[in-house]
Amino acid sequence: MAARKQGLLALFDVDGTLTAPRKAATPQMLEFMRELRKVVTVGVVGGSDLSKISEQLGKTVIDEYDYVFSENGLVAHKDGKLIGTQEFINFTLHYIADLDIPIKRGTFIEFRSGMLNISPIGRNCSQEERDEFERYDKIHNIRPKMVSVLREKFAHLNLTFSIGGQISFDVFPQGWDKTYCLRYLDDFNEIHFFGDKTYKGGNDHEIFESERTVGHTVTSPEDTMEKCKALFLAKP
């Protein structure tokens with residue numbers, strides 16, 4: 001078996017590409033991907049959370065693939081370990097835990113459409129507690145200091161921070177579609193992406209059209225295997 005080619009990545013959508021929509025991958029597909037991984041670095045990217053992807057590709061999915069990007073890369077695994085934005089979330093929660101402020105109530109990070117909302121005091125606080133934190137923050141600059149730390153530590157993620165309201169600030173990742181995962185793949189000079197919804201308006205379109213990828217439209221898991229055989233497994 002030839003060694004894996006360096007700088008080459010095969011990146012796959014899940015639904016309609018590796019599995020039938022909302023179904024688990026067949027044993028044939030799982031075995032095929034294990035064989036493919038012997039000759040090329042393999043990653044998967046899906047809009048679902050990790051638990052849903054695990055239902056489709058197996059509970060050991062993060063160990064079976066070199067890269068696993070769930071929620072379009074908001075949660076990213078490399079070689080079975082968390083990287084990227086999940087690291088940001090973990091760091092933020094640790095930072096809040098160490099904050100010496102009078103009140104903490106809960107819901108410190110809230111996922112919204114296209115953003116994260118982060119509150120040092122927690123969004124479960126009462127109106128009276130909100131008012132009290134706002135006064136405290138104006139004196140002690142809890143939010144500006146926190147934003148400064150996060151901006152410096154996670155500069156490589158190209159995040160935008162916006163302080164507003166009384167108790168929180170927003171974090172906007174640039175490019176919330178599947179192209180978001182590409183920021184973790186700078187080591188690859190050739191990325192082949194396989195997806196079924198590559199048409200305009202489909203959730204594979206942006207990454208399919210990206211200058212960073214060579215896009216391949218597939219019609220089924222069987223079509224995915226055939227295209228991969230021709231590209232990566234054909235004998236010279």
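Heavy atoms only: backbone and side chains are in, while hydrogens, waters and symmetry mates are out.
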If you measure from CE on Met146 to CZ on Arg143, what distance do you get to the nearest 0.5 Å? 11.0 Å

Please say which of Arg34, His77, Arg37, Met33 ends up in a side chain to side chain contact (heavy atoms under 4.5 Å, CB included) with Tyr65. Met33

Between Phe208 and Gly215, the two heavy atoms sitting closest are CE1-C, 3.3 Å

Counting neighbours of CD on Gln28 that are heavy atoms of other residues, nucleotides or ligands and sit closer than 6.0 Å, is the number greater than 12? no

Listed pairs under 3.5 Å, donor-acceptor, residues 6-16 side chains, sequence neighbours left out:
| residue | atom | partner | partner atom | Å |
| --- | --- | --- | --- | --- |
| Asp13 | OD1 | Lys178 | NZ | 2.8 |
| Asp13 | OD2 | Thr17 | OG1 | 2.9 |
| Asp15 | OD1 | Arg22 | N | 3.0 |
| Asp15 | OD1 | Gln56 | NE2 | 2.5 |

Salt bridge (charged side-chain N to carboxylate O under 4.0 Å, His left out) involving Glu226 - partner list, sequence neighbours excluded: Lys229

Determine whether a donor-acceptor pair (N or O, by modelled atom type, separation under 3.5 Å) exists between the side chain of Lys104 and the backbone of Ala97. yes

When you check the side-chain N and O atoms of Asn117 and Ser168, is any donor under 3.5 Å from an acceptor? yes

Hey, could you give me the CD1/CD1 distance between Ile142 and Ile163, rounded to the nearest 0.5 Å? 11.0 Å

Side chains of Thr107 and Asn124 only: does a donor on one sit below 3.5 Å from an acceptor on the other? yes

Would Lys227 and Asp223 count as a salt bridge (Lys or Arg N to Asp or Glu O under 4.0 Å) if you check the C-alpha gap in whole Å, the side-chain angles of each, and the deciding distance to 0.1 Å? CA-CA 6 Å; Lys227 284 184 167 59; Asp223 188 35; 3.0 Å; yes

Would you sort out whether Phe69 and Leu185 count as a side chain to side chain contact (heavy atoms under 4.5 Å, CB included), showing the intermediate values? CA-CA 11 Å; Phe69 300 110; Leu185 302 175; 3.9 Å; yes

Is any side-chain heavy atom of Tyr180 closer than 4.5 Å to one of Val45? no

